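Some notes on the structure that comes next.
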There are 2 protein chains.
Amino acid sequence: MRLSKRGEYGLRAMIILATPKDDGRPPIVQIKEISQREQIPAKFLEQILLALKNAGLLHSKMGVGGGYYLARPAKDISLGQIVRVLDGPLAPVKCVSQMAYEPCGCPDEETCGLRLVMGDVRNAISKLLDGTSLEDVTHRVDSVRGLLSA
Amino acid sequence: MRLSKRGEYGLRAMIILATPKDDGRPPIVQIKEISQREQIPAKFLEQILLALKNAGLLHSKMGVGGGYYLARPAKDISLGQIVRVLDGPLAPVKCVSQMAYEPCGCPDEETCGLRLVMGDVRNAISKLLDGTSLEDVTHRVDSVRGLLSA
DNA sequence: TATAAAGTCTATAATACAAGTAGACTTTTG
DNA sequence: CAAAAGTCTACTTGTATTATAGACTTTATA
């Protein structure tokens with residue numbers, strides 16, 4: 001049930017891009033900066049951000065002073081969207097996938113025990129990842145920070 | 001978030017082994033029969049069942065009339081135990097794993113947004129897989145069968 | 001007691017995928 | 001024009017997954 005490095009790095013990058021600057025607006029950040037802050041190989045991160053851009057979750061600006069920024073407000077980007085772009089379907093087995101269904105070959109899918117349980121797992125993961133936005137994450141980090149400093 | 005074939009095959013096999021025969025007792029079944037019923041390469045299944053045996057979840061009997069059978073009542077074997085033996089930790093990232101924790105390298109784990117969310121995901125998966133026994137699965141299959149035939 | 005039916009164990013092959021690296025190209029600003 | 005940025009595609013490398021092979025042990029029973 002592992003998240004790939006690709007998925008992990010992408011989520012980390014998106015969280016950075018969703019974290020407001022002092023003026024309260026989401027920042028525009030360069031690959032290099034993210035790669036340094038999160039210890040991610042720059043060339044690998046490049047591919048990841050490109051994929052997120054092509055999926056419509058990020059926009060970018062070329063040239064001096066350019067970088068990446070969120071294509072939509074942080075509250076309108078869910079972690080599920082990000083993970084699906086980078087790691088594919090959330091479902092543990094294809095036969096319970098909403099976005100990439102494939103039969104699993106069991107004689108009768110309706111009464112397949114594995115399928116019943118994995119359907120639940122898929123739903124639980126989806127409920128969490130599709131139900132959590134980048135804004136939810138940054139707010140939660142803020143509130144933990146608050147508790148720690150208090 | 002994929003379950004490996006190894007994990008999938010193992011779960012399927014365990015569910016078969018947990019399904020009571022007409023006399024109400026869990027059966028003893030040969031590799032060959034499971035592999036035919038579930039379309040699993042026999043030699044691959046062999047390794048999987050051996051691993052489950054070495055982990056203490058299955059017992060076996062050699063020789064004519066032998067086969068594999070559950071080491072404990074089906075209600076005392078959780079899906080989580082099976083998956084952990086075959087696929088390793090449930091956690092999406094190691095830094096939220098209970099059984100195989102490793103730091104993920106972020107500057108401060110306490111305020112890492114990714115970690116907060118993935119912790120939730122781990123807990124949700126664990127709640128489902130550790131909270132569901134093989135007996136729960138076979139009962140659930142029975143009840144679906146009942147609904148369909150009614 | 002021989003034979004066949006079963007599991008045991010270890011090695012290895014074949015693939016697929018993940019992770020990372022490279023480099024040439026384009027766009028933008030100053 | 002030069003420097004700073006992203007774009008695109010190909011390639012390499014390492015590792016894990018999936019599967020196959022084969023020689024071995026144990027047990028029932030004819």
Side-chain angles (χ1 to χ4, degrees), chain A residues 1-13 17 27-36 38-71 83 85-89 92-94 100 104-105, chain B residues 1-13 17 27-36 38-71 83 85-89 92-94 100 104-105:
Chain A
M1 304 300 215
R2 283 287 300 288
L3 180 71
S4 72
K5 285 291 174 190
R6 194 174 144 88
E8 179 189 328
Y9 293 163
L11 284 170
R12 286 187 192 284
L17 289 165
I28 179 165
V29 188
Q30 295 77 41
I31 292 177
K32 204 170 92 181
E33 185 182 335
I34 300 177
S35 100
Q36 283 169 356
E38 297 283 336
Q39 307 269 62
I40 302 171
K43 277 297 197 178
F44 191 20
L45 181 60
E46 188 182 298
Q47 294 174 44
I48 295 167
L49 296 182
L50 203 50
L52 291 168
K53 181 197 160 147
N54 291 332
L57 300 183
L58 287 180
H59 285 164
S60 63
K61 201 182 150 203
M62 275 189 172
V64 179
Y68 283 94
Y69 55 99
L70 298 186
V83 170
V85 167
L86 298 174
D87 271 24
V93 291
K94 295 193 211 87
C104 50
Chain B
M1 304 302 215
R2 282 289 298 289
L3 181 71
S4 72
K5 285 291 174 191
R6 193 174 146 88
E8 179 188 328
Y9 293 163
L11 284 170
R12 286 187 192 286
L17 289 164
I28 180 166
V29 189
Q30 295 77 41
I31 291 176
K32 203 171 94 181
E33 184 182 335
I34 300 178
S35 102
Q36 282 169 357
E38 297 284 335
Q39 306 270 61
I40 302 172
K43 276 296 194 178
F44 191 20
L45 181 60
E46 189 183 296
Q47 294 173 45
I48 294 167
L49 296 183
L50 204 50
L52 290 168
K53 181 197 159 144
N54 291 333
L57 300 182
L58 287 180
H59 285 166
S60 64
K61 200 182 151 202
M62 275 188 170
V64 178
Y68 282 95
Y69 55 99
L70 299 186
V83 171
V85 167
L86 298 174
D87 271 23
V93 291
K94 294 192 211 90
C104 51

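Per chain, numbering begins at 1; letters A, B, ... match sequence-line order. This one's a predicted model, so the numbers in the text were calculated from it and none came from an experiment. Because only heavy atoms are used, hydrogens play no part in the values below, and waters and symmetry mates are left out as well, while side chains stay in.
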What's touching nucleotides 16-20 of chain D from the protein side, N or O pairs under 3.5 Å?
from, atom 1, to, atom 2, distance (Å)
D/dT18, OP1, B/Lys5, N, 3.2
D/dT18, OP2, B/Lys5, N, 3.1
D/dT18, OP2, B/Arg6, N, 3.4
D/dT20, O4, B/Gln47, NE2, 2.3

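- With rounding to the nearest 0.5 Å, the separation of CG in A/Leu11 from CD in A/Glu38 is 11.0 Å.
- Annotation for B/Leu49 and B/Ala13: closest pair CD2-CB, 3.9 Å, computed over non-hydrogen atoms.
- Counting heavy atoms from C-beta on, the side chains of B/Tyr68 and B/Ile31 come closer than 4.5 Å.
- The shortest distance between side-chain heavy atoms of A/Tyr9 and A/Pro41 falls below 4.5 Å.
- Within residues 53-60 of chain B, the residues approaching DNA chain C are B/Lys53, B/Ser60, by heavy-atom distance under 4.0 Å.
- What you find for A/Val85 and A/Ala51 is that their closest heavy atoms are CG1-O, 3.9 Å.
- No side-chain heavy atom of B/Leu58 sits less than 4.5 Å from a side-chain heavy atom of B/Tyr69.
- The side-chain heavy atoms of A/Arg12 and B/Cys104, taken from C-beta on, include a pair separated by under 4.5 Å.
- Atom CG of A/Leu50 is separated from atom P of D/dA10 by 14 Å (rounded to the nearest Å).
- In this structure, A/Ile31 reaches the sugar-phosphate backbone alone: every heavy-atom distance under 4.0 Å involves primed, P, OP1 or OP2 atoms, never a base.
- Pairs engaging residues 42-56 of chain A under the side chain to side chain donor-acceptor pair (under 3.5 Å) rule: A/Lys43-A/Glu46, A/Lys53-A/Ser60 [sequence neighbours left out].
- Taking NE2 from B/His59 and CG from B/Leu57, the interatomic distance works out to 9.5 Å, rounded to the nearest 0.5 Å.
- Protein chain A touches strand DNA chain C; the 5'-most and 3'-most nucleotides with an atom under 4.0 angstrom of its non-hydrogen atoms are C/dA19 to C/dT29.
- Nearest heavy-atom pair, B/Gln30 versus B/Ile28, reported as atom, atom and distance to 0.1 Å: NE2-O, 4.2 Å.
- Using a 4.5 Å heavy-atom threshold, the side chains of A/Glu8 and B/Val93 count as touching.
- Taken to the nearest 0.5 Å, the CD1 atom of A/Ile48 stands 10.5 Å off from the NZ atom of A/Lys5.
- Looking at heavy-atom distances under 4.0 Å, B/Lys32 makes no contact with the nucleic acid at all.
- Scanning for salt bridge (charged side-chain N to carboxylate O under 4.0 Å, His left out) contacts around A/Arg2 gives an empty result, with sequence neighbours left out.
- Rounded to 10°, the angle separating the first-five-pair axis and the last-five-pair axis of the helix from C/dT1-D/dA30 to C/dG30-D/dC1 equals 10°.
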